[in-house]
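Let me begin by presenting the structure, written as structure tokens, before commenting on it.
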Amino acid sequence: MQIARDILTRSYRSMRTIRDFEERLHVEFATGDIPGFVHLYCGEEASGVGVCAHLTDTDTIASTHRGHGHCIAKGVGVDGMMAEIYGRRSGVCRGKGGSMHIADLSLGMLGANGIVGGGPPLICGAALSHKTLKDGAVAVAFYGDGASNEGSTLESLNLASVWKVPAVFVVEDNGYGEATGASYAVAGNQKDRAAGFGMPYFECDGNDFFSVYETAGEAIEHARKGNGPAMLHVHLARWYGHFEGDAMTYRAADEVAKLRAEHDCLVNFRRKVVGAGLLEDSDLDTIDTAVKDEIEAAVVAARKAPLPEDADLMKDVYVSY
Amino acid sequence: MQIARDILTRSYRSMRTIRDFEERLHVEFATGDIPGFVHLYCGEEASGVGVCAHLTDTDTIASTHRGHGHCIAKGVGVDGMMAEIYGRRSGVCRGKGGSMHIADLSLGMLGANGIVGGGPPLICGAALSHKTLKDGAVAVAFYGDGASNEGSTLESLNLASVWKVPAVFVVEDNGYGEATGASYAVAGNQKDRAAGFGMPYFECDGNDFFSVYETAGEAIEHARKGNGPAMLHVHLARWYGHFEGDAMTYRAADEVAKLRAEHDCLVNFRRKVVGAGLLEDSDLDTIDTAVKDEIEAAVVAARKAPLPEDADLMKDVYVSY
Amino acid sequence: MTKKSFRQAINEALRQEMQRDPRVILMGEDVAGGRGGTSGVKDAWGGVLGVTKGLLTEFGEDRVLDTPISEASYIGAAAGAAATGLRPVAELMFVDFVGCCLDQIMNQAAKFRYMFGGKARTPLVIRAMYGAGFNAAAQHSQALYPLFTHIPGLKVVVPSSPYEAKGLLIEAIRDDDPVIFLENKVMYDDEEDVPDDPYTIPFGEANLTREGDDVTIVAFGRMVNFANQAADRLEKDGISCTVIDPRTTSPLDAATILDCVNETGRLVIVDESSPRCNMATDVAALVAEEAFDALKAPIRRVTPPHTPVPFATVLEKLYVPDVEKIEAAVRSVAAYRVKEEA
Amino acid sequence: MTKKSFRQAINEALRQEMQRDPRVILMGEDVAGGRGGTSGVKDAWGGVLGVTKGLLTEFGEDRVLDTPISEASYIGAAAGAAATGLRPVAELMFVDFVGCCLDQIMNQAAKFRYMFGGKARTPLVIRAMYGAGFNAAAQHSQALYPLFTHIPGLKVVVPSSPYEAKGLLIEAIRDDDPVIFLENKVMYDDEEDVPDDPYTIPFGEANLTREGDDVTIVAFGRMVNFANQAADRLEKDGISCTVIDPRTTSPLDAATILDCVNETGRLVIVDESSPRCNMATDVAALVAEEAFDALKAPIRRVTPPHTPVPFATVLEKLYVPDVEKIEAAVRSVAAYRVKEEA
Ligand SMILES: Cc1ncc(C[n+]2csc(CCOP(=O)(O)OP(=O)(O)O)c2C)c(N)n1
Ligand SMILES: Cc1ncc(C[n+]2csc(CCOP(=O)(O)OP(=O)(O)O)c2C)c(N)n1
Ligand SMILES: [Mg+2]
Ligand SMILES: [Mg+2]
């Protein structure tokens, strides 16, 4: 493992932040104080973080309805995110977007997206911007196994190849689209789809940060070097329901318990880096504590933050009208 | 070649009818008397006919903007078609559809289609009808290389596989979508796409009726037997521009002349069947003459046929309203 | 006659029609749920908000079809199946997703019959949820019935209560044209008495939920309830309202609307959809053309502003028309006197 | 100042803006044409009707991008590129194809800024052909601007002449919001004097193509010309008309329309789009609410009927509003006397 220490600590912190953010949201959602739909990324942290570890603010990502993890991995602050999810004026979208629409274009985060398959076309365009503006950046579309069946996603694979733009298509395959298994809904397979649209296919274990980090590095390098797009297929699992409130009757009773016990990317990470002598347990403990405080503070602040003002309703529909 | 004589004569007649219909339209269009857009199928006859030779009126097909050939191959009469193209009340759609919308549901012809990629979803549904109603029929979507990049087409491949319906997806690959070559617009390839969506791939030479007939037979049998959908990739070429009026500056000067000289499916057919002693030249000549008269009569009748009446404008928007 | 929720009324309509006619099938994303899942539980969801629950169990996987997430293909498939012998009821989940499949609705299903010279029948129903009030934000809260109403060849139903929903959905399923059936997601738990037996409510026949002399209110879907509440309050101040629920925006019962406006001379239209080119403008234009002489006051429209739907509760509340806004609009037209009279 | 066709005016606007700003790029199906062809000829088409001809030659393949036939992906790509530093002009060819990419327009581009709390700019132009009169039948002849007008976050331009087209398109390209720019395909060969230098025409400012005392006519796109022709004829019979070309349906210059109706008291609206929830209803509702006192006659709308566009010439001619129908509508409102006055 040839990974710089600061990447390791940053990535762990990022994964831990996502985990705590999501676990806390799960608790807070149950209080009834969080409005709207909330889709948790818990369990999938290594994917977003392993990919984004290769990106800077110049690079662009587009996310999904399950977007909190990608946002945090791309550097969006948890204070602004939490406030947004609570519908506060201090939210990163001023309370007008909510969980499904968190975005920060200054960080290259082109938005969570309430529309399945909404992101891949946008990423073709962001990649085109990077190519045209010659800024050396890449654009990454995260999308789920379910989204891999949307026409907009499939068209985008072809378009990115035809244009030979620096795009990476990251299929986060958690085996479900809502309550339907990928084994039912995804005919064929992602590998042949990549070939069918003329791009290389990479595959990795999404429970293992190092597997993601390494493979994503290759896929992103391929794109960044001007060789056109690549597909990265990440195998992972979500630990909660499709959205908060989902009783998950379609999953085996012990499925999530097993995942938590055996495939926790944070536990995996700790075992590996401590085992290899790259970081100490205490380094990670320090991060854990810091993150815990950060999330607590974010929730407290969000709950206290002022609500949007009436005049906000009519603001920002247009730049000018 | 194990093909019954009546299939041979019927198929030859069908191909000849398409050829003459289209060559005549080319001439008539130039007079300015034919309104709207006209896309000629000339040169591609063996595909529609080779596929439809395996179908009965119970089976369903969906066609494209280049639909005349499929209509004729599925049994739609040239009188009604010609009148339709001339915008007459005796047209198969009463003059309200025109070239791009010829349909006859009583013959299982679900319509030409002005929307690229419009047909494949419909065929998923027709195939579902056949499966649900257990009528033993199959549904066939014809579409072009250009249409193979539309999201609706790609989604349909997946949906048909997931539902395991008796659908056949026939990619008529003439190498162009309008003025753009498939070598530019189609990344990857159809074969991997078929695999990517979980269905078997068949391939044939669209200039050769027998190649199409045989391969289409296998693909259709696969579907008809309840094994789910199949893809049939037909390599062929169009002899005229994308639509009438296209100067085809994007094609090499001698491209079409060569096709006409060396890859004429009618000439190929004649050579093979006569060579193999299956039919006599005179059999085919008789058909040629009969078709010539039929097309002439269709044009004469269409030109004389009455126009739609004012009241037709408001008719048939709804069954009831 | 039993108390049933909006959800139950729809479920019952589907069930009874599926019992009656084997050609009626359902399809959509997770209309059953559980396919490919590890628990083996079938019918795990029965729709994202439980509306189709139980139908898989009763009718089996051949008639309740879960689909991949690919609206263009399965809505198109529903159209294709409708044109070839089935009577599909396809669920689009949120109507906002029409952006992924509009072609199959607008250019295929809606136009078959006309383009084909009358030779097609497309008995297709597309069910979808609409409306704000769920904090579901800009991409999951739109109303969009004006889009469908604009398109010739479609029929559009916006039921206002459980009773209405059942009768109109059965009618939709038996209808031979493509029908868009829109369910306000905030109303699923609303209850009222609904007959147990199947019944139909014809399209294009408005329902007068109350009759009055002073002001006509035309309201759609959930807004009918708000209009009635406003009318209750206004009654106390001596302003008596007719409230019209057109039930279907296409066909629209123009005659009833015109009759009522000819009586009251004053009109308020309440429409939850975005304000430009919507049903409020549609009805206003109808009346300004065909009942002009009867009009004694400007035609007032109560609609959301021309903005996407905001997420935060405070903003969303401001966004959706409510009883207060309707009341204020009615008062203003009731108090209006044309200059000549003044 | 030279005579230029509608086609040339649009081409020139594109060329001049591409010269001015390297971030302006074009994309669409066959906007150049010839890629992957066997002749090696580039710019083989320059758009299906030749509107973008020559731009590839001048600006190269990095700025004039042909796309596969996949509207959702490339219209979405245009939105994504716009949000990340470019100023794309995407061509949808026929506006009817919006059914294949509405989501990327309606739920993505149009809503970014609002959903993201004002933190996005999406300087995107989508050009598309609209309108009947080409025998292009039901799937290639729609107008559809009401759909776009209905959607908050979009601006919608419907130019009525070559001069208007050039100035409005340059404005659209320089605008920081998503703009739908609709070109009536029947008008490409229309000619008039158009300045050679770049100029802009602001959005939301209507153009009065003529002023009169008796009747206000509001017309859109190609219908402006028909309205002017009708006004010419009516003038001879002593009926003088104001003709308003709003230029943009969103934003709409409500003030000018209301001012004119306040003067004339009579209004006819001419709209080539399907009649339900269209611009004719939109303007009628505006006036019936805000200029009610001034109205001396019913508001008449001249629109096609509620049917898909038919193919045959005889039927298509009946379908599209024409000078005669406008004239008749104006005469009827001019002759109208309210009962009290009668
Ligand atoms: C176009 C569209 N169709 C359907 C939905 C409803 N929906 C939201 S998330 C989801 C499942 C997505 O599955 P997947 O892509 O695998 O992502 P995951 O939820 O597993 O992360 C569905 C069907 C939607 N939001 N947009
Ligand atoms: C959705 C849509 N996009 C674009 C078009 C315009 N168009 C008509 S035919 C065509 C080319 C189709 O190419 P292909 O599928 O290869 O069929 P071919 O014309 O070669 O038979 C295009 C782009 C259309 N009709 N519909
Ligand atoms: Mg998934
Ligand atoms: Mg082709």
Side-chain angles (χ1 to χ4, degrees), chain B residues 34-37 84-89 91 93-101 113-118 144 146-152 154 175-187 242-243 246-253 255 307-310 312-317 321, chain D residues 28-50 61 66-74 76 93-94 96-97 99-101 103-104 133-141 274 304-320:
Chain B
I34 294 182
F37 291 106
E84 185 60 35
I85 291 168
Y86 272 89
R88 305 293 158 151
R89 194 158 203 258
C93 302
R94 304 186 150 264
K96 289 162 90 168
S99 165
M100 269 194 291
H101 305 298
N113 210 311
I115 300 296
V116 169
S148 79
N149 301 318
E150 273 285 0
S152 55
L154 297 164
Y176 292 97
E178 291 188 349
T180 297
S183 64
Y184 171 76
V186 182
H242 169 64
F243 43 35
D246 173 10
M248 288 204 281
T249 51
Y250 49 89
R251 298 178 84 169
E255 188 171 313
L307 298 171
E309 294 164 11
D310 288 5
D312 291 340
L313 178 64
M314 301 301 298
K315 272 190 197 144
D316 292 324
V317 182
Y321 195 64
Chain D
E29 293 160 19
D30 292 297
V31 287
R35 298 288 300 250
T38 46
S39 69
V41 170
K42 292 185 173 188
D43 204 16
W45 270 22
V48 72
L49 295 182
E61 288 175 354
D66 275 329
T67 68
I69 310 173
S70 50
E71 292 76 14
S73 68
Y74 81 78
M93 203 182 302
F94 291 84
D96 312 68
F97 305 162
C100 301
C101 57
D103 182 73
Q104 291 291 330
F134 234 65
N135 297 97
Q139 293 175 337
H140 287 73
S141 304
S274 270
H306 184 65
T307 76
V309 184
F311 166 67
T313 308
V314 281
L315 297 179
E316 199 184 29
K317 280 218 174 101
L318 279 180
Y319 175 89
V320 189

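By convention in this document, chain letters (A, B, ...) are assigned in the order of the sequence lines, proteins followed by strands, and residues within each chain are numbered from 1.
- The residue among B:Glu309, B:Arg251, B:Glu255, B:Lys96 with the most heavy atom pairs within less than 4.5 Å of chain D is B:Arg251.
- Both the backbone and the side chain of D:Thr307 come within contact range of chain B, each with at least one heavy atom under 4.5 Å from a heavy atom of that chain.
- When heavy atoms are compared at a cutoff of 4.5 Å, B:Ser183 approaches chain D solely by way of its side chain, counted from C-beta outward.
- No part of D:Ala72 comes within reach of chain B, as not one of its non-hydrogen atoms sits under 4.5 angstrom from that chain.
- Neither the backbone nor the side chain of B:Ser152 comes within contact range of chain D; no heavy atoms are under 4.5 Å apart.
- For the pair B:Asn113 (side chain) and B:Met100 (backbone), a donor-acceptor distance under 3.5 Å is absent.
- You'll find the side chain of B:Ile34 reaches within 4.5 Å of the side chain of B:Tyr86, heavy atoms only.
- Taking the side chain as every heavy atom from C-beta outward, D:Phe134 and D:His140 never approach each other to under 4.5 Å.
- The residue among D:His306, D:Lys317, D:Glu71 with the most heavy atom pairs within less than 4.5 Å of chain B is D:His306.
- Counting heavy atoms from C-beta outward, B:Asp312 and B:Lys315 have side chains that approach closer than 4.5 Å.
- Ranked by heavy-atom pairs under 4.5 Å with chain B, the first of D:Ser70, D:Ala138, D:Gly33, D:Gly40 is D:Ser70.
- Between B:Glu178 and D:Asp30, the closest heavy-atom pair is OE1-OD2, 2.5 Å.
- Interface residue B:Ile85: only backbone heavy atoms are found under 4.5 Å from chain D.
- By the 4.5 Å heavy-atom criterion applied to side chains, D:Ile69 and D:Phe97 are not counted as neighbours.
- With a 4.5 Å cut-off on non-hydrogen atoms, B:Asp246 touches chain D through its side chain but not through its backbone.
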